[in-house]
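Starting from 1, each residue takes its place in the sequence as its number. Both counts, for ligands and for their atoms, begin at 1 and track the order of listing. The basis for the numbers below is simple: all heavy atoms, side chains too, and nothing from hydrogens, waters or symmetry mates.
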Amino acid sequence: MSDESAGPPVRRILLIGFMGSGKSTVGRELAERLGWVFEDFDELIETRVGVSVSEVFAVQGEAFFRDLEAEVGAELLRRDRIVLAAGGGWPLRESNWSSVDRATLSVWLHVGAGEAVRRVAADGRRRPLLAVAEPEAEAMVLLASRRPAYEKAEVSVETEGMDAAGVAHHIESLARRRGPLI
Ligand code: S3P
């Protein structure tokens, strides 16, 4: 079989992007396609602390949550054959990127503010940062300020107008072009 891939092996795929960009839905789908494990940073945090992310924000505060998120991310980024959904704010802390090595394909899932707010409202998980009077305006401001952090991803993929299966399929093709999946 010819090997068209140009780069080093891909051992894990990290999905980053704004709330509502579809990281968890696409991540599950992608992991299934590859026969890999899927992990979501927020879910692991909730399992560890025994309360919701929203409660951690309310009781211990955002800074405490960001430390937990950094810890969980560093741990998960050492595992192989895994698809990871980072929380939307994880890419903002520069030092978190030191755990992203050459064997990690990082992917930014694009979504606009309006669609992000619609998806978040529909998925039933409370997002403390969007629990404001004008969530779409807030999402626009946050998205603009986060853009440089999201741009650190190796590749970016548009999600609007595509279903999770289509996005997962596209990422799988990008990954296979980047290097052997092992
Ligand atoms: C956050 C995103 C959330 C969660 C927390 C903060 C953010 O995760 O970590 O509410 O700062 O963007 P999702 O991106 O999975 O919604």
Please could you name the atoms of ligand 1 that P128 approaches to less than 4.0 Å, counting only its heavy atoms? 10 (O)
Write out the residue and atom name of the closest protein heavy atom to atom 16 (O) of ligand 1, then the distance separating them to 0.1 Å. R127 NE, 2.6 Å
Check each heavy atom of V120 against ligand 1 and say whether those closer than 4.0 Å belong to the side chain, the backbone, both or neither. neither
Between E29 and R33, does any NZ, NE, NH1 or NH2 come within less than 4.0 Å of an OD or OE carboxylate oxygen? no
Is the shortest side-chain N to carboxylate O distance from E94 to K152 below 4.0 Å? yes
Which atoms of ligand 1 have any heavy atom of R146 under 4.0 Å away? 7 (C), 11 (O), 12 (O)
If you have a sec, work out which protein heavy atom is nearest atom 14 (O) of ligand 1 and how many Å separate them, to one decimal? K23 NZ, 2.6 Å
Just heavy atoms, cut-off under 4.0 Å: does R126 contact ligand 1 by side chain, backbone, both, or neither? neither
Under 30°, 30 to 60°, or over 60°: which ring-plane class applies to Y150 and W108, parallel, tilted or perpendicular? tilted
Where on R66 is there a heavy atom closer than 4.0 Å to ligand 1, on the side chain, on the backbone, on both, or on neither? side chain
Less than 4.0 Å between a side-chain N and a carboxylate O, is that true for R79 and E39? yes
Charged N-O contact under 4.0 Å between R48 and E75: yes
Salt bridge check: are R28 and E32 linked by an N-O gap of less than 4.0 Å? no
Region of F65 engaging ligand 1 - heavy atom pairs below 4.0 Å: side chain
Please determine if D42 and K23 form a salt bridge, counting it only when a charged side-chain N lies under 4.0 Å from a carboxylate O. no
Cluster link L34 to V155, ILVMFWY, side chain under 4.5 Å: yes
Using heavy-atom distances, let me know which of V56, L142, D42 sits nearest atom 3 (C) of ligand 1. D42
Provide the number and element of each atom of ligand 1 under 4.0 Å from a heavy atom of R125. 8 (O), 15 (O), 16 (O)
Can you tell me the protein heavy atom closest to atom 5 (C) of ligand 1 and the distance? V53 CG1, 3.8 Å
Find all atoms of ligand 1 within a distance of less than 4.0 Å from any non-hydrogen atom belonging to L129, and give their numbers and elements. 7 (C), 11 (O)
